[in-house]
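Input: a single structure, listed below in C-alpha cells.
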Protein chains: 4
Amino acid sequence: MDSGATGRYQQMMTDEVLWSQAGTEKHRRILDAALEMFADQGYAGTATSEIAKKAGVSEAAIFRHYKTKKDLLIGVVAPVLRVVAPALIADIKGILSRRYPDLRSLVAALVVDRTAFVRRYHRVLRIALQELPFHAEIRAIVDEVFLREIFPPASETIADLQARGEMMPLAPELVMRTIISLTAGFAVHRYFLRLGEPFDEAAERELLIGLITKALGPERAD
Amino acid sequence: MDSGATGRYQQMMTDEVLWSQAGTEKHRRILDAALEMFADQGYAGTATSEIAKKAGVSEAAIFRHYKTKKDLLIGVVAPVLRVVAPALIADIKGILSRRYPDLRSLVAALVVDRTAFVRRYHRVLRIALQELPFHAEIRAIVDEVFLREIFPPASETIADLQARGEMMPLAPELVMRTIISLTAGFAVHRYFLRLGEPFDEAAERELLIGLITKALGPERAD
Amino acid sequence: MDSGATGRYQQMMTDEVLWSQAGTEKHRRILDAALEMFADQGYAGTATSEIAKKAGVSEAAIFRHYKTKKDLLIGVVAPVLRVVAPALIADIKGILSRRYPDLRSLVAALVVDRTAFVRRYHRVLRIALQELPFHAEIRAIVDEVFLREIFPPASETIADLQARGEMMPLAPELVMRTIISLTAGFAVHRYFLRLGEPFDEAAERELLIGLITKALGPERAD
Amino acid sequence: MDSGATGRYQQMMTDEVLWSQAGTEKHRRILDAALEMFADQGYAGTATSEIAKKAGVSEAAIFRHYKTKKDLLIGVVAPVLRVVAPALIADIKGILSRRYPDLRSLVAALVVDRTAFVRRYHRVLRIALQELPFHAEIRAIVDEVFLREIFPPASETIADLQARGEMMPLAPELVMRTIISLTAGFAVHRYFLRLGEPFDEAAERELLIGLITKALGPERAD
DNA sequence: GATGAATGAGGTTTCATTCAT
DNA sequence: GATGAATGAAACCTCATTCAT
C-alpha cells in the first residue's frame with residue numbers, strides 16, 4: 001500500500017529502530033504496552049500497573065527505565081516526533097526536488113506520503129495530540145521540531161511554488177495550516193472516529209488531494 | 001462583540017440558561033468550576049476535590065447532584081451539545097433562508113457565526129473533543145445530535161447550493177468535513193495553541209472565508 | 001508522685017488538652033498511635049499503615065488530617081514543645097519566685113519538676129530528640145521556643161542567683177547546659193536505656209540534685 | 001591537631017586500619033559512603049541505592065559484601081565500637097597510671113583525650129547513638145564492650161581515686177554517667193547542634209574540666 | 001568480582017464515593 | 001441540604017534484595 005514515493009524511512013523505522021533507547025526485550029515490551037494503552041485510554045486514564053501487566057513485567061521494571069510516569073510518556077512520544085518527523089522532511093525534499101506537471105501531482109505525492117505516515121504512526125500521533133495541552137514537555141518538542149526542522153524547508157518550498165505561479169500567494173503558515181487541517185480532518189475521520197462505515201481509502205484520498213489543490217491553487221480570473 | 005449575524009441564541013445562552021439544570025447558586029458554581037478544570041487539566045487529570053475547592057463547596061455537595069464523576073462530565077458537556085448545537089442549526093437555517101449574491105457571502109455569514117460560537121463555548125468544546133475518544137456517552141450525544149439535528153438540514157442546504165451551481169458537487173459529508181476541518185484548524189491555532197503571537201482575528205477570518213469559498217466553489221473551466 | 005511544686009499544668013495537660021487540634025476520637029487515636037510507634041521504631045522506621053492499624057482507622061484517615069507523614073510527625077511533636085514547654089517555664093518562674101534556704105532546695109524543686117515532666121512526656125521528647133537532626137521543622141520549633149520563651153527568663157533567674165552569691169558566675173548557657181546534661185543523663189539512663197535493672201528513683205534523684213548543686217554551687221575557698 | 005596526651009591510637013586508627021575488613025578500594029568506598037549517609041540521614045532514611053551511587057559502585061556490590069542492609073550498618077559501626085573503644089581504654093589506663101598533682105589534672109588529661117576522640121569519630125558515634133534504640137545488635141555490642149572492657153578498669157580507677165580522697169565516694173556508675181553526661185552535653189553542643197556561633201574550643205574545654213572536677217571533687221567541709 | 005536488569009513487597013499519597021450528623 | 005469525617009481501592013513510586021550475564 002505504500003507507494004514508491006513514500007520514501008526509505010518507512011521500511012527502516014520499525015519499532016526496533018524507533019525505540020533504540022530500549023536495550024532489553026522487556027524494555028521494548030513496556031514501550032509497546034504504554035503506547036497502546038495511552039492511545040486507547042489516555043495518559044491520565046492509564047495506570048502504570050495496567051501497562052506492566054500488559055507488558056508482562058513488574059511495575060518496578062517500568063520505573064527502572066523511567067523515573068516517572070510522565071517520563072514514560074515522553075519516552076513513548078519523543079522518538080516519533082524527534083526521529084520520524086525529521087526523516088519525513090528529508091523525504092519531502094526528495095519529493096519536491098522532482099518536477100511535476102502541475103500542483104495536483106505534487107499535492108498527490110505529498111498526500112500519499114503523509115497519509116502513509118499517519119497510518120504508520122497514528123497511535124503515537126494520537127497520544128501526542130491528546131496530551132499536547134497538558135504537558136509542556138511535549139509542546140516543547142513539537143515546537144522545537146516544527147520551528148527548527150519543518151517550518152524552514154517547508155516555507156522555502158512554498159515560496160518556490162508561489163514564485164512559479166503554481167500556488168496562491170498566501171502566507172506559508174496559512175498554507176501549512178490548510179494542508180494540515182484538511183489532512184488531519186481526513187485522518188480524524190479515518191482513524192479516530194471509527195464510525196464503522198466502510199471507507200474507500202484510495203477514493204477518499206483522491207478527494208482530499210483535489211480539495212487541497214483547489215484551495216491552494218493559483219487564483220483564476222473571475 | 002457578537003455581530004448581529006450571530007443569531008439569537010447568543011444572547012439567550014448565558015450560563016444561567018445553559019445550565020438550567022442548576023437550581024441553586026452552588027450547583028452553578030460546581031458546573032463552572034468543573035468546566036474550567038476539565039478544560040485545563042482534562043477529565044482524568046482533575047480531582048473532584050479540586051473542583052469542590054474551586055467551587056467553594058464540599059466534595060459531598062458534588063455527589064449530591066451527580067452520582068458519579070462521569071455524570072458531572074456529562075452534566076457539563078451535554079447542555080452545550082444538546083441545547084446550543086440545535087440552536088445553532090436554527091440560526092443556520094435563518095442564515096441560509098436569506099439570499100446571497102454569491103457563495104462567499106454565504107460562507108462569510110456562516111464562518112462569522114461559527115467562530116463566534118467557538119469563541120463562546122471553546123472550553124466546553126475542548127472538553128468534548130478531548131474526552132470524545134474515552135466516553136461512549138459523549139460520543140452518543142454527538143452522534144445523536146449530529147445525525148439527527150445537524151446532518152439532515154445541513155445536507156439539504158448543501159444540496160440546494162449545489163443545485164444552484166454555487167458549490168462543487170461533493171458529498172455533503174465531505175463538504176461538512178472540509179468546513180469543519182478548516183474552521184477547526186483556525187480555532188486550534190487561535191484558541192488552543194496560544195503561541196503568544198499577536199493575532200488579527202478579523203483578517204484571519206477573511207482568509208479562512210476565502211479558503212473555504214475557494215475550496216468548495218464551483219469548478220471553473222480549465 | 002507529682003509533688004505540689006510540680007505545678008498546675010500537670011493536672012491540666014492531659015492528652016485531650018494537649019491534642020486540642022484533634023476534633024474527633026479517631027483523630028486522637030491517630031496521634032496516640034503515631035506517638036507510640038514513632039517513639040518505638042523511629043519516624044522513618046514506622047509505616048503509616050502500621051499507625052493506621054494500631055489506631056484502628058484507615059490509612060486515608062491519617063492523610064485527611066495531615067497532608068504528609070512529616071506533617072503528622074510535627075503534629076505529634078509540636079504541641080508538647082509549643083504548649084507544654086512554655087507552661088513549664090511559667091512553673092519555673094513560680095518555683096524561682098519563692099525563697100529557698102539554699103541552692104540545694106532550689107535545685108531540688110527544679111529537678112523534681114523536670115523529672116516529672118520528662119516522665120510525663122518522655123516519649124514525645126524521645127521522638128523530638130531522635131528526629132531533631134533530620135527535620136529542620138522540629139529544629140525550628142525548638143530554636144524558637146528555646147530562644148524566645150525559655151532562654152530569657154532562665155537567664156534572668158540565673159543572673160539573680162549569681163548576684164545573690166548562690167551560684168558560680170558561669171555563662172547562663174553553660175549553667176543551662178550543665179543542668180540539662182545531667183538531667184538528660186539521668187533520664188536517658190532511666191527511660192531510654194532500659195537495662196532492666198531495678199531503679200530507686202527517689203534515691204537517684206537525690207544524687208542528681210546533689211551533683212548539680214555541687215557543680216554549680218559557689219566557689220569555696222581552696 | 002591531636003595533642004600528645006591523646007594517645008597512640010589516634011595516629012593508627014586511620015580509616016584504612018579501622019576498616020581492616022575492607023580488602024578492596026571499592027569496599028572501603030562503600031563503608032565511607034554508608035558512614036556519611038547514615039550519619040546525615042539516619043539508617044532508615046538512607047537507601048542502599050544512594051549509598052551505591054555515592055560510593056560509585058553498583059547496588060549489587062554492596063550486597064556482595066553485606067548480606068543485608070543491617071549488616072552494613074553493623075559493618076560501619078562495630079569496628080569503631082570494638083576496635084577504637086578498647087584502644088581508648090588502653091590509653092586511659094596509661095593516663096591513669098601516671099601520677100597527677102590533683103583531680104583537675106587528671107580530668108584535664110581525660111577530657112582532652114575524650115574530646116579528641118569525639119572529634120575524630122563523631123559521625124560513627126552519632127550513628128551508633130541514633131540507632132541504639134532500634135537495633136539490638138548495636139546495643140549488644142555497646143553492652144558487651146562497656147561491661148567487659150570499659151566498666152571494670154574504669155571502676156577500678158575510680159575506686160583508686162576515691163581511696164586517695166581525690167573524689168567523692170559515689171557509685172562508679174554515677175561517676176561515669178556524670179562524666180559522660182557533661183562531656184556529651186559539650187559534644188552535642190559542639191558537633192550536633194551547630195548553631196553557627198563561633199566556638200572557642202580550648203576555653204570551653206577548660207570550663208568543662210572545671211565543672212567535672214567540681215562536681216566530682218571531694219566534699220569540702222560545709 | 002561486578003553489574004544492570006529485574007522484582008515482590010511495601011512505601012506514601014490520592015481518589016471517588018459514602019455516611020453520620 | 002450540606003458538610004466533615006471516613007474509607008477501600010488503587011494510584012505512583014521506592015526499597016532491599018536476587019540473579020543472569
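Residue numbers begin at 1 in each chain, while the letters A, B, ... track the order of the sequences. Given the structure is predicted, the values throughout are model-derived calculations rather than measurements.
- Nucleic acid contact for H65(A): sugar-phosphate only, since backbone atoms but no base atoms lie under 4.0 Å from a heavy atom of the residue.
- Rounded to whole Å, atom P of dT14(F) lies 13 Å from atom CD of E59(D).
- Using a 30° and 60° split on the angle between ring planes, Y43(D) and F38(D) fall in the tilted class, from 30° to 60°.
- Counting to the nearest Å, the P atom of dT14(F) and the CD1 atom of I51(D) are 17 Å from each other.
- Atom OH in Y66(D) sits 3.5 Å away from atom CG in L31(D) (nearest 0.5 Å).
- We find that CE of M37(B) is positioned 15 Å from C1' of dC15(E), with the value rounded to whole Å.
- Using a 4.0 Å heavy-atom cutoff across all strands shown, A60(A) reaches at least one base atom of the nucleic acid.
- Scanning all heavy atoms of the two residues, the minimum distance from V76(D) to V124(D) falls at O-CG1, 4.1 Å.
- Distance Y43(A) OH to dA11(F) P: 13 Å, rounded to the nearest Å.
- Of the candidate nucleotides dA2(F), dT3(E), dA5(F), dA2(F) has the atom lying nearest to any side-chain atom of R64(B).
- With hydrogens and angles ignored, the 3.5 Å screen pairs no side-chain donor or acceptor of K69(C) with any backbone N or O of A47(C).
- As rounded to whole Å, 15 Å separates atom P of dG4(E) from atom CZ of F63(D).
- Among the nucleotides dT12(E), dC12(F), dT17(E), the one closest to the side chain of K69(C) is dT12(E).
- Rounded to whole Å, the distance from CD1 on I30(C) to C1' on dA5(F) is 10 Å.
- Two residues, K70(B) and K67(C), neighbour DNA chain E, and the one matched to the more 5' nucleotide by heavy-atom proximity is K67(C).
- Under the Watson-Crick or G-U wobble criterion, with both distances below 3.5 Å, dA20(E) is paired with dT3(F).
- Of the two residues near DNA chain F, K26(B) and S49(A), the one whose nearest nucleotide lies more 5' is K26(B).
- The nearest whole Å value for the distance from the CD1 atom in I62(C) to the P atom in dG4(F) is 21 Å.
- Separating the CZ atom of F38(D) from the C1' atom of dA16(F) is a distance of 12 Å, rounded to the nearest angstrom.
- Applying the 4.0 Å criterion to OP1 and OP2 of dA16(E), one finds that T68(B) has every side-chain N and O outside that range.
- In this model, the phosphate group of dT12(E) is approached by a side-chain N or O of T48(C) to a distance below 4.0 Å at OP1 or OP2.
- In this structure, dA9(F) and dT14(E) make a Watson-Crick or G-U wobble pair, each of the two defining distances being under 3.5 angstrom.
- Proximity note for V57(B) (side chain, C-beta onward) versus dT3(F), dG8(F), dT17(E): the nearest is dT3(F).
- Checked by atom type, the side-chain pair S49(C)/E59(C) shows no donor-acceptor distance below 3.5 Å.
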